[in-house]
Structures are given as C-alpha cells and as structure tokens.
Amino acid sequence: MEQKNRLVVLAFLLILHSSLFILHSQAQIRFGYLSYSQTLQSMPDYSRAKNNLDALRKQFDAEMKRAEEEFNKKYEEFLEGMNDFAVSIRNKRQSELQELMEKNMAFKQEAQRLLKSAETDAMTPLREKLSAALAKVAQERGLAFILNTDGDALPYVDSTQGEDVTEYVKREFSK
C-alpha cells in the first residue's frame, strides 16, 4: 500500500512539474504585431515608387484612350459611308476595324501585364527591406514572431502578451 501511495505522489509530482514547465515556457513567448500595409506605406521610398507607378499608369491610360478615340472615329466614318461603299471596300474596312479592335485589346492586356510587373519590381525591394527590419526588431525585442493586423486578421491582442512594434520598425528605416 505504501508503495502505491509513493507512485501516486510521484505521478502527481511529475504532472505538476510538467504543468509548471509548460506554463513557464508559455510565459516566455512574446510576440509583436503591426499593420504590414501601413508600415510599408510609411517607408520613405514607398511614395516615390507609388508616384512612378501612377505616372506609368497615366501614360498607359492616355495611350488606351487615344487608341479608343481612333477606333471610335474610324467606326463612325465607316458607319457614315457604309451604304456608299462597294462590298469589297466595306469588307476591307470591317476587317481593318476588327484588326484595330484586336490590337487595342492586346495592348490593354499587355499594359496590365507591364503595370503588374512594374509594381512587383518597385515593391520587391521595399518588401525585402521591411522583412529585414521586422527580423531585426524581433531579434532585438526578443519576440518569437510578429503578426500582421491587416484585414482584421488579429481582432484582439492582449498588450501584456504582445507589443505593437510599428514604431520600432519605422525607426529602422531612418537609420
């Protein structure tokens, strides 16, 4: 009977020790949080990249508008003279309009592809710089990880368990 009591006490002590170890381990985990998109937008180079992209977008928009106006003008001319054209001329003009419309659609798709590529090229160095700043702040602050609060991904944070690292990360950009 005495040996059974010792085993029960030993089992209880093992469970207690394991529970304390788990609680102690959990108490040491610290994390940070910030809005990734707001922090990215606060970077000094972000506004320059955004302005360059906006200027490129305006150029493409202007060219698309010019091409659309050219098509509309030719289409109106075609409609006005359609009844006076010989069949072969009408067919030729219809195929020219069809070709122009296809070129305009191809240009629009290519412009979208080029804009997306330009955005990726402009934002990649900024995202890399932000990632490096996040890693540095996490190491300096003893954080296990940093959570992104964008998109309501983190509706509640207990500030005694984690900390807002936004200002620490922004300071990294001014160094």
Side-chain angles (χ1 to χ4, degrees), residues 8-71 100-175:
V8 169
V9 170
L10 183 59
F12 175 74
L13 288 175
L14 282 172
I15 292 171
L16 180 62
H17 177 67
S18 297
S19 298
L20 289 174
F21 178 76
I22 290 170
L23 288 174
H24 179 69
S25 295
Q26 288 177 340
Q28 290 181 344
I29 294 177
R30 293 183 27 84
F31 63 91
Y33 55 92
L34 81 163
S35 167
Y36 187 92
S37 61
Q38 286 179 357
T39 305
L40 181 68
Q41 291 171 12
S42 73
M43 294 176 73
D45 295 338
Y46 179 84
S47 51
R48 181 175 48 242
K50 183 87 169 108
N51 289 340
N52 291 342
L53 289 170
D54 288 344
L56 184 60
R57 186 172 289 109
K58 283 180 185 178
Q59 289 175 357
F60 281 125
D61 287 345
E63 180 57 24
M64 284 187 268
K65 183 178 180 185
R66 186 204 63 75
E68 187 177 314
E69 287 172 355
E70 177 187 358
F71 175 81
L100 187 57
M101 186 171 65
E102 289 171 1
K103 284 181 180 179
N104 289 349
M105 288 177 20
F107 176 75
K108 190 178 280 191
Q109 290 174 346
E110 180 67 6
Q112 289 172 345
R113 186 191 69 75
L114 290 171
L115 282 170
K116 186 166 179 65
S117 176
E119 183 176 6
T120 299
D121 292 346
M123 291 298 151
T124 296
L126 296 176
R127 290 180 190 284
E128 289 172 352
K129 189 174 181 179
L130 179 52
S131 291
L134 290 171
K136 185 173 182 186
V137 167
Q139 289 173 346
E140 288 175 353
R141 309 284 307 156
L143 305 174
F145 51 88
I146 297 176
L147 297 169
N148 182 0
T149 61
D150 292 344
D152 294 328
L154 194 63
Y156 170 77
V157 175
D158 182 349
S159 61
T160 63
Q161 302 293 315
E163 65 178 303
D164 185 346
V165 295
T166 304
E167 292 307 315
Y168 299 110
V169 174
K170 286 181 180 180
R171 283 186 209 145
E172 288 299 313
F173 302 139
S174 62
K175 290 183 179 179

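It should be emphasised that the depicted structure is a prediction, and the values quoted were computed from it without experimental measurement.
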Passes side chain to side chain contact (heavy atoms under 4.5 Å, CB included), Y36 versus R127? Steps please. CA-CA 10 Å; Y36 187 92; R127 290 180 190 284; 3.3 Å; yes
Please report the C-alpha distance between F173 and D45 in whole Å, then the side-chain angles of each, then the deciding distance to 0.1 Å, and finally whether the side chain to side chain contact (heavy atoms under 4.5 Å, CB included) criterion is met. CA-CA 10 Å; F173 302 139; D45 295 338; over 6 Å; no
Going through the checks in order, is the side chain to side chain contact (heavy atoms under 4.5 Å, CB included) test met by K108 and N104? CA-CA 6 Å; K108 190 178 280 191; N104 289 349; over 6 Å; no
Before giving the answer on side chain to side chain contact (heavy atoms under 4.5 Å, CB included), spell out for I146 and F31 the whole-Å C-alpha distance, their side-chain angles and the decisive distance to 0.1 Å. CA-CA 6 Å; I146 297 176; F31 63 91; over 6 Å; no
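Taking NZ of K170 as the start and CG of L34 as the end, the distance is 9.5 Å to the nearest 0.5 Å. The structure places CZ of R48 at 7.5 Å from CG of N52, a figure rounded to the nearest 0.5 Å. Note that CG of L115 and CD of Q59 are 10.0 Å apart. Values are rounded to the nearest 0.5 Å. In this structure, the separation between CZ on R30 and CZ on R141 is 6.5 Å, given to the nearest 0.5 Å.
Around the CG atom of D152, the shell of radius 6.0 Å holds no more than 12 heavy atoms that belong to other residues, nucleotides or ligands.
Between S35 and T39, the shortest heavy-atom distance links the atoms O-OG1, 2.7 Å. Closest approach of A133 to V169, counting heavy atoms only: CB-CG1, 4.0 Å.
Shown are E69, E68, E63; of these, the side chain to side chain donor-acceptor pair (under 3.5 Å) with R66 is made only by E63.
The side-chain contact (heavy atoms from CB on, under 4.5 Å) check on Q109 picks up nothing, with sequence neighbours excluded. Contacts of K129 classified as salt bridge (Lys or Arg N to Asp or Glu O under 4.0 Å), with partners at least two apart in sequence or in another chain: none.
Using a cutoff of 4.0 Å between basic side-chain nitrogens and carboxylate oxygens, D61 and K58 are not scored as salt-bridged.
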